[in-house]
Asker: 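I am attaching a structure below and will ask some questions about it afterwards.
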Amino acid sequence: MIAFLGGFLVYPIVLNILMSFQDRTLSNLLSGPVKWVGSANYQASFHDPAFRDAAWHSVLYAGCSVGIQFVISLGLALFYVRRFPGARVMRSLFLVAYAVPIVISAQIFAWLLEGRGVVNWFLHSLHLQSGPAYWLADVKLALPALIAIQVWLGIPFTMVNLLAGLSAIPSELHEAAAVDGANAWARFRDVTWPLLRPVAFAASILSLIFAFKTFDLVWIATKGGPGDATEILPTLAYRVAFEQFLFGKGAAILNLIFLVCFALAFLYILSVRREERFA
Amino acid sequence: MGRRSYPARSVLVALLALVAVLGVTVFESVGSAASRAPAKTITLTWWDYFVWADKDVGGMISAYEQTHPGVKIKRTAIGYPDFATKYKQAIATRSTPDIAAFDAGLVPTFSAQGAFVDLTGNAPTLPAWKQIFPAFRQQVTVNGKIWGVPMRGNTQALMYNADVLGSLGVTKPPATWAALREVAKEATTSSRAGLCFPASNDETGSFNLLPWLYQAGTDVPKIGDAASVNALTFLNTLVNVDKSAPKSVLQWGWDPAHQQFVAGNCAMNITGPWNYAAATSQAKFKVGVALLPAGPAGRGSSLGGEAWVIGKDSKHVAEAWKLIQWLAVNKNSWHVIAGATGSLPLRADQLKTPEAKSAPASWVKQMQFARPRSAYGVKWSQISSVLNKMEQDVLTGGQTPAAAAAAARKAIRPLLPKALRS
């Protein structure tokens with residue numbers, strides 16, 4: 001276990017941290033003389049307006065997509081936890097969306113959202129639109145469009161988790177509450193939600209981690225464009241490292257992403273531990 | 001809930017991982033042992049991105065193998081969008097291929113990263129070297145050192161739907177910016193754009209921005225001047241004022257723009273000769289090709305193409321050089337390079353060949369006005385990103401042409417070689 005963790009986890013992380021304090025290009029990436037530059041890479045990042053924009057976009061992207069995704073998933077989970085014909089089949093169909101590789105989903109959405117794409121055609125047919133909206137080529141629409149795609153991608157995972165959490169709530173509690181005169185909203189507020197909260201929290205933290213470190217969706221759909229309207233920290237790190245060959249600076253940005261995800265993961269473990277203690 | 005017992009499960013996971021790693025290592029070494037040919041045969045690794053010309057390039061390689069027993073060539077075709085990334089990985093892991101057909105525009109940047117073998121001594125010894133047009137030789141020369149042998153050349157031209165233009169009463173394709181604007185406006189309908197071109201957020205986008213700058217009378221080191229603002233204003237007019245070019249161009253690389261043209265959704269498209277055969281065979285209309293319209297300062301376009309390079313980690317440099325010498329002979333390679341991969345003549349001794357005569361004359365003529373990107377130094381990749389941002393900011397309406405050009409000037413200046421900074 002130690003060897004496994006050491007080889008696949010600790011070594012790359014330590015290497016990346018070291019690299020963020022060095023001046024590395026392609027020629028001395030894996031071997032060769034290396035200059036130690038201290039915190040210069042981090043300082044350069046913090047002073048770079050592109051970094052600040054990307055950080056803000058990352059927060060917006062992760063926060064909004066997880067928030068919206070949670071509300072929709074909760075609604076769907078509450079709907080599908082009931083027993084009606086076809087419920088189980090329809091629940092499983094959501095997982096098909098989850099099984100499609102993100103690379104493919106991203107490319108298909110990029111086509112759907114084109115000027116002449118299906119989405120515009122649909123909106124135009126419903127008379128909700130006068131001219132074509134360039135979803136991924138308009139500075140104001142690109143990030144919201146990507147958030148919408150991320151919501152679509154994230155719903156299956158969150159819904160499945162919430163469904164599992166809802167199924168674990170004993171139906172006797174609902175029945176008892178109903179007998180006591182509680183209406184649907186009161187039942188949800190006082191029975192369902194308190195018992196669902198740990199699962200909801202855990203699922204949200206995990207979704208936040210996934211959304212914060214998303215790269216493939218944004219890169220394939222817009223490459224961080226138009227301009228840098230959809231540049232998020234992972235795409236910025238990729239550009240800096242692999243297009244400008246500034247591996248030290250790229251490592252610095254990646255470490256900051258790692259810190260955020262690590263903090264979120266720590267929160268997750270804390271919540272699971274708390275859950276185990278009270279169980 | 002009691003404390004779950006972790007040890008047994010985690011030991012199993014660790015064992016599985018260990019087995020997987022061992023399995024892959026053993027498999028790899030067995031595989032390479034099997035492909036390790038008898039001592040006398042040398043295997044050269046060859047990379048290119050001519051994925052549409054597999055058969056012909058493969059045929060060319062077989063011809064070499066047959067006439068050179070003792071040499072086997074292992075070709076890997078990688079699509080253009082992934083090629084540079086894979087090559088960077090190869091540089092970092094010290095496994096660059098023996099020979100590669102490398103994007104000539106990126107040769108200066110990659111040479112500075114220690115990617116290639118210095119060919120300064122070898123290249124001029126080629127009988128064909130003096131035949132290669134100066135712009136192509138310039139493209140692979142950095143500070144007096146030669147890093148590759150130009151093998152394929154291209155530039156942009158204006159491809160148009162002759163039927164649509166004919167129906168509008170336009171007998172000759174637009175030859176100036178003013179005419180281009182007129183024709184594009186007239187040809188735009190609710191289901192068709194007048195003009196399409198690639199303006200994506202990458203090298204393709206900057207490759208296609210440069211011609212407009214040249215035609216306006218400016219150049220990369222002079223961005224920020226009135227001519228550059230003029231060029232950006234013209235593009236902004238086409239996309240945001242006349243709306244004769246769709247905003248989607250910001251997402252389009254070569255292929256999407258070309259496909260829109262072939263589908264009849266664009267009356268005109270700016271593209272390269274490699275799309276000509278596909279356009280004429282797939283389009284349901286007559287396809288015409290013309291020179292890029294002249295701007296206030298005349299004509300201009302970007303020099304594209306590839307050069308043969310030898311990877312720094314090659315263990316068979318002499319053999320790789322022999323292969324390049326063989327490929328540099330027209331008789332051995334020109335038919336495949338011109339025909340299958342879609343190259344324009346890049347050497348004087350290719351101008352009178354049947355392949356050159358069958359390429360649309362406009363492209364061949366446009367080559368005279370093509371300028372190499374090597375002129376801007378080894379930090380071209382970063383300059384290219386700045387140009388992308390400048391164009392995208394203007395076309396999205398995020399910045400005025402003047403502000404975008406000024407911001408770009410500030411960002412480009414430190415990236416240029418000292419001699420070019422004004």
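Lettering follows sequence order; numbering is per chain, from 1. Since the structure is predicted, the reported quantities are computational estimates derived from the model, not experimental observations.
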Asker: Are there residues of residues 111-125 of chain A whose heavy atoms fall under 4.5 Å of chain B's heavy atoms? If so, which?
Answerer: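 Against chain B, the residues of residues 111-125 of chain A that fall inside the cut-off (heavy atoms, under 4.5 Å) are A/Glu114, A/Gly115, A/Arg116.
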Asker: Verify, without hydrogens or angle tests, whether B/Gln392 (side chain) and B/Leu250 (backbone) share a donor-acceptor contact under 3.5 angstrom.
Answerer: yes
Asker: Can you confirm whether the side chains of B/Ser248 and A/Tyr134 place a donor and an acceptor under 3.5 Å from each other?
Answerer: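 On atom types as modelled, these side chains do not qualify, holding no pair under 3.5 Å.
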Asker: Out of B/Gln89, B/Lys312, B/Lys247, return the one with the most heavy atom pairs under 4.5 angstrom to chain A.
Answerer: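 If we count pairs closer than 4.5 Å to chain A, B/Lys247 comes out on top.
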Asker: So which residue, A/Ala142, A/Pro226, A/Gly224, A/Ala221, ends up with the most heavy-atom pairs under 4.5 Å with chain B?
Answerer: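 Going by pairs under 4.5 Å, I would pick A/Pro226.
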Asker: What part of B/Gln260 is in contact with chain A, defined as an atom under 4.5 angstrom from a non-hydrogen atom: side chain, backbone, both or neither?
Answerer: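 Only the side chain of B/Gln260 comes within 4.5 Å of chain A.
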Asker: State whether the number of non-hydrogen atoms from other residues, nucleotides or ligands found under 6.0 Å of B/Asp82 atom CG is greater than 12.
Answerer: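 Counting other residues, nucleotides and ligands, CG of B/Asp82 exceeds 12 neighbours.
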Asker: Please state whether the side chain, the backbone, both or neither of B/Asn265 comes within less than 4.5 Å of a heavy atom of chain A.
Answerer: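 Both parts, backbone and side chain.
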Asker: Pick from B/Ser191, B/Gly397, B/Ala115: which one has the most heavy-atom pairs with chain A under 4.5 Å?
Answerer: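 Most pairs with chain A among the choices: B/Ser191.
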Asker: Does any backbone or side-chain atom of A/Ala3 lie under 4.5 Å from a heavy atom of chain B? Answer side chain, backbone, both or neither.
Answerer: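 Neither part, no heavy atoms under 4.5 Å.
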Asker: Would you confirm whether A/Asp228, through its side chain, and A/Glu231, through its main-chain N or O, come within 3.5 Å as a donor-acceptor pair?
Answerer: no
Asker: Side chain, backbone, both or neither: which part of B/Ser190 has a heavy atom under 4.5 Å from chain A?
Answerer: backbone
Asker: Using the side chain to side chain contact (heavy atoms under 4.5 Å, CB included) definition, which of the options B/Leu209, B/Thr396, B/Val386, B/Asn236 pairs with B/Glu391?
Answerer: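 With B/Glu391 as partner, B/Leu209, B/Thr396, B/Val386, B/Asn236 yield a single side chain to side chain contact (heavy atoms under 4.5 Å, CB included), made by B/Leu209.
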Asker: Hydrogens and angles aside, do A/Trp135 and B/Gln251 bring a side-chain donor and acceptor to less than 3.5 Å of each other?
Answerer: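 Looking only at side-chain atoms, B/Gln251 and A/Trp135 do not form any donor-acceptor pair under 3.5 Å.
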Asker: So does B/Arg373 pair up with B/Glu203, basic N to acidic O under 4.0 Å?
Answerer: yes
Asker: Partners of B/Asn269 by side chain to side chain contact (heavy atoms under 4.5 Å, CB included), sequence neighbours excluded?
Answerer: B/Cys196, B/Ala257, B/His258, B/Phe261, B/Thr271
Asker: Under 4.5 Å from any heavy atom of chain A, what part of B/Ser385 do you find: side chain, backbone, both or neither?
Answerer: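 Side chain only.
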Asker: Taking the six-membered ring for Trp, are the ring centroids of A/Trp152 and A/Phe109 within less than 6.0 Å of each other?
Answerer: yes
Asker: Do B/Ser384 and B/Ser206 have a side chain donor and acceptor closer than 3.5 Å?
Answerer: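 Looking only at side-chain atoms, B/Ser206 and B/Ser384 do form a donor-acceptor pair, the distance falling under 3.5 Å.
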Asker: Which atoms of B/Trp252 come close to chain A, meaning under 4.5 Å heavy atom to heavy atom: side chain ones, backbone ones, both, or neither?
Answerer: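 Just its side chain gets close to chain A.
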